[in-house]
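All remarks here apply to the structure that follows.
The chain is numbered in sequence order, starting from 1.
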Amino acid sequence: QGQLVESGGGLVQAGDSLTLSCAASGRPFSIYQMGWFRQAPGKEREPVASIVWTAGSTYYADSVKGRFTISKDNTKKTMYLQMNNLRPEDTALYYCAFRPSIYASYNFWGQGTQVTVSS
């Protein structure tokens with residue numbers, strides 16, 4: 001069956017950049033929207049950015065707007081998150097997820113990739 005495979009996390013210093021990738025293998029479901037979420041220690045999971053697959057519309061959390069850029073490759077069914085000027089508060093476990101329709105919740109998740117930003 002299909003799955004989401006994340007990569008690109010790591011340990012960086014404040015001000016550095018990272019690019020996260022999320023590849024959707026297989027096609028058990030149609031993708032309406034894909035998004036990046038993160039969960040920091042002691043915090044609840046929060047949305048970071050998302051993209052509507054067909055239209056390409058993008059959405060960003062206020063905390064990352066101007067620093068992060070979400071994009072996609074339709075042929076590879078891969079989503080990217082370019083993260084610039086990283087801050088220690090960006091430290092979290094980052095997940096990619098998708099929902100098959102506008103009426104559905106984000107119920108399909110990857111395993112997560114750790115991003116750690118030192119000051």
Side-chain angles (χ1 to χ4, degrees):
Q1 289 195 321
Q3 61 179 348
L4 299 178
V5 181
E6 300 148 324
S7 62
L11 174 62
V12 298
Q13 296 181 349
D16 286 351
S17 298
L18 278 176
T19 299
L20 306 183
S21 299
C22 175
S25 63
R27 293 173 177 82
F29 304 99
S30 297
I31 298 175
Y32 170 74
Q33 189 171 14
M34 291 189 72
W36 289 98
F37 300 78
R38 67 186 182 186
Q39 187 169 20
K43 304 288 186 178
E44 296 297 318
R45 186 189 67 194
E46 63 177 355
V48 177
S50 66
I51 185 166
V52 178
W53 204 255
T54 300
S57 306
T58 58
Y59 306 90
Y60 296 94
D62 289 340
S63 60
V64 307
K65 203 165 190 175
R67 299 188 298 120
F68 292 9
T69 303
I70 190 171
S71 62
K72 62 181 176 68
D73 186 324
N74 291 342
T75 61
K76 300 183 185 300
K77 297 196 75 173
T78 301
M79 178 180 64
Y80 307 93
L81 185 67
Q82 175 66 46
M83 305 184 295
N84 296 327
N85 193 24
L86 284 162
R87 304 165 180 170
E89 51 263 41
D90 294 318
T91 295
L93 186 63
Y94 284 71
Y95 299 92
C96 68
F98 78 88
R99 57 178 179 172
S101 78
I102 194 172
Y103 307 107
S105 301
Y106 283 93
N107 290 329
F108 302 89
W109 297 85
Q111 293 179 277
T113 183
Q114 179 67 40
V115 173
T116 303
V117 185
S118 62
S119 59

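Rounding to the nearest 0.5 angstrom, the gap separating the CE atom in M79 from the CG atom in D73 is 12.5 Å. Between the OG1 atom of T113 and the CG atom of L81 there is a distance of 11.0 Å, given to the nearest 0.5 Å. Between the CZ atom of R99 and the OG atom of S30 there is a distance of 14.5 Å, given to the nearest 0.5 Å. Taking CG from L18 and CG from L11, the interatomic distance works out to 9.5 Å, rounded to the nearest 0.5 Å. Distance check: I51 CD1 to Y60 OH gives 7.0 Å after rounding to the nearest 0.5 Å. In this structure, OH in Y59 is found 4.5 Å from OG in S57, a value given to the nearest 0.5 Å.
Side-chain atoms of Q111 never come within 3.5 Å of backbone atoms of E6 as a donor-acceptor pair (strictly under, hydrogens ignored). Side-chain atoms of T78 come within 3.5 Å of backbone N or O of K76 as a donor-acceptor pair. Listed for the Q39 side chain is no donor-acceptor partner under 3.5 Å among the backbone atoms of L93. Formation of a donor-acceptor pair under 3.5 Å by the T91 side chain with backbone atoms of V117 is found in this model. Between the side chain of S101 and the main chain of Y103, a donor-acceptor pair closer than 3.5 Å is present.
Under a hydrophobic-cluster definition in which Ile, Leu, Val, Met, Phe, Trp and Tyr are linked whenever side-chain heavy atoms come within less than 4.5 Å, directly or via other members, L86 and Y80 are assigned to different clusters. Cluster annotation: L4 and I70 are assigned to the same hydrophobic cluster (Ile/Leu/Val/Met/Phe/Trp/Tyr, side-chain heavy-atom contacts under 4.5 Å, transitive).
Minimum heavy-atom separation, A14 to P88: CB-CD, 4.2 Å. Taking both residues in full, the closest heavy atoms of K72 and G56 are given as CE-CA, 4.1 Å, listed atom of the first, atom of the second, then distance. Taking every heavy atom of both residues into account, Q33 and S50 meet most closely at NE2-OG, 3.0 Å. Minimum interatomic distance between A61 and P47 (heavy atoms only, all atoms of both residues): CB-O, 3.6 Å. Closest of all the heavy-atom pairs between A92 and Q114 is O-NE2, 3.3 Å. Closest approach of W53 and M34 over heavy atoms only: CZ3-SD, 3.2 Å.
Defined by atom type and a distance below 3.5 Å, a donor-acceptor pair is missing between the side-chain atoms of Q13 and S118.
Within 6.0 Å of atom CD in E46, more than 12 heavy atoms from other residues, nucleotides or ligands are found, so the atom counts as buried in its surroundings.
For residues 30-51, the pairs satisfying ring-ring contact (aromatic ring centres under 6.0 Å, His included) are F37-Y106, F37-W109, with sequence neighbours left out.
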Practice problem: Determine, step by step, whether V115 and M83 satisfy the side-chain contact (heavy atoms from CB on, under 4.5 Å) criterion, reporting the C-alpha distance in whole Å, the side-chain angles of both residues, the deciding distance to 0.1 Å, and the verdict. | Solution: CA-CA 10 Å; V115 173; M83 305 184 295; 3.9 Å; yes

